[in-house]
Number of protein chains: 2
Amino acid sequence: MLVDVQLSRDTIVTAAMEILDSYGLADMTMRRVATHLGVAPGALYWHLANKQQLIAAIADRILAPALDTTDPASPEELADRLRTALLAHRDGAELVSAALSQPDSETRGDVEKQLSDALALDDADVSRVGAAALLHLVLGATTLEQSHRQYAADTGTPAPPTGTPAEDFRRGVSYLLHGLGRG
Amino acid sequence: MLVDVQLSRDTIVTAAMEILDSYGLADMTMRRVATHLGVAPGALYWHLANKQQLIAAIADRILAPALDTTDPASPEELADRLRTALLAHRDGAELVSAALSQPDSETRGDVEKQLSDALALDDADVSRVGAAALLHLVLGATTLEQSHRQYAADTGTPAPPTGTPAEDFRRGVSYLLHGLGRG
DNA sequence: ACCTGAACACCGTTCAAGT
DNA sequence: ACCTGAACACCGTTCAAGT
């Protein structure tokens, strides 16, 4: 338990991510976060409206290393960086999917804009649909990969021999990008 | 409440889907399903090991109209039929995503095989990666579309003018398919 | 074989009351 | 302003005991 630091949105997010990485999304409950901070459950609700808001804030932190970049990346590179960022936290892909599924997610717009820019296409409509498709691909493929990893870790079995996931990921992205080039 | 029919896996699944369509996935709890059937919560566990198993069974029912077909469809048509099947039930895309994310999902293999066959490519590896990518696209795009629909229905606002979702969906699929053609 | 009753170990969220 | 205590209205799951 962290001792006696002033409670704030940021300390709550940090505590929640420690629980996430140690025990997974299912165990990242408001009550456990509160206990971890040595505080009553209700205290969290002074700083956050609800759990969805906490999840959104965590998603932003998870995505930050992939997004806060000055140089414009290629779409391949951006997709790869997103995957890496998601894999860096237990259940990261699932959590971010949940956050971006909320209809009022601002982050989703940001990510799609950055993907769209990376595509560097003339047709804005192709960019929009292509960026959305790319994001779906990244989230879907990474969620599946991560759940397989976790299952393997839980059961002690090695990962299934479907060919290396990173390579499959890049190939899926590459197929879509080729298709977009002929938009 | 259904009255006095013998409890079985099938009647439970039917009751659960009625709650799903009426109140959504968040309200589809084991306890509410039991109440709807006029039975104690524990009774369900004679017929099902746990809630995950119920969700898997519902996913199969939702997907059935898209999959149980004799004639081999084009990948465009199959993708479209999957989207339609998911949209036919409240939170259908989210529920099926959850079911197919379970590492031991048999249905996921079936769907990917059918997509892979529909692709009708020579290279088996391209088929495998392509089918997975297509499935991610279908689930991701439809989950988003459905959550936007629900949000619009809940708030009374009309859907956002992003261009018609069905058209965007077909375009996303089409881009990926073009890319696969040049695999 | 199939189901009930009752419990176990939890949830997210609210809100008066305290400091 | 910020937090506690205590409650409200729930969960999924188990399991002795009944029929």
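Just so we're clear, the structure is a prediction, and the values are computed from it rather than from any experiment. Throughout, protein chains are lettered first and strands after them, A, B, ... in sequence-line order, and every chain is numbered starting at 1.
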| field | salt_bridge(Arg83(B), Glu145(B)) N-O dist < 4.0 Å | value | yes
| C1' atom, dC8(C) versus dC11(D): distance in rounded Å? | 12 Å
| note | The residue, Arg31(B) or Leu7(B), whose nearest nucleotide of DNA chain C is more 5′ is Leu7(B)
| For dT19(D), which nucleotide in any strand shown is its Watson-Crick or wobble partner with both distances under 3.5 Å? | dA1(C)
| request: State the pairing partner of dG12(D); accept Watson-Crick or G-U wobble contacts with both distances under 3.5 Å, and report none otherwise. | output: dC8(C)
Residue-phosphate contact under 4.0 Å: [X] side-chain N/O, [N] OP1/OP2:
X        : N      : answer
Gln6(A)  : dA1(D) : no
Trp46(B) : dC3(C) : no
His47(A) : dA1(D) : no

Does one side chain, of [X] or [Y], offer a donor that lies under 3.5 Å from an acceptor on the other?
X         : Y         : result
Gln114(A) : Asp110(A) : no
Arg90(B)  : Ser22(B)  : no
Thr107(A) : Ser105(A) : no
Thr14(B)  : Arg61(B)  : yes

Compare the minimum distances between each of [options] and the side chain of [X], then state the nucleotide with the smallest one.
X        : options                  : result
Pro41(A) : dT13(C), dC11(D), dC3(D) : dT13(C)
Lys51(A) : dT4(C), dG12(C), dC3(D)  : dG12(C)
Thr29(A) : dT4(D), dA1(C), dG12(C)  : dG12(C)
Met30(B) : dT13(D), dG5(C), dA7(D)  : dT13(D)
Val39(B) : dC3(C), dC11(C), dG5(D)  : dC3(C)
Tyr45(B) : dC3(C), dC2(D), dT13(D)  : dT13(D)

| note | From CE of Met28(A) across to C1' of dC11(C) the rounded distance in Å is 13 Å
| Value in whole Å for how far the P atom of dC11(C) lies from CG of Leu54(A) | 14 Å
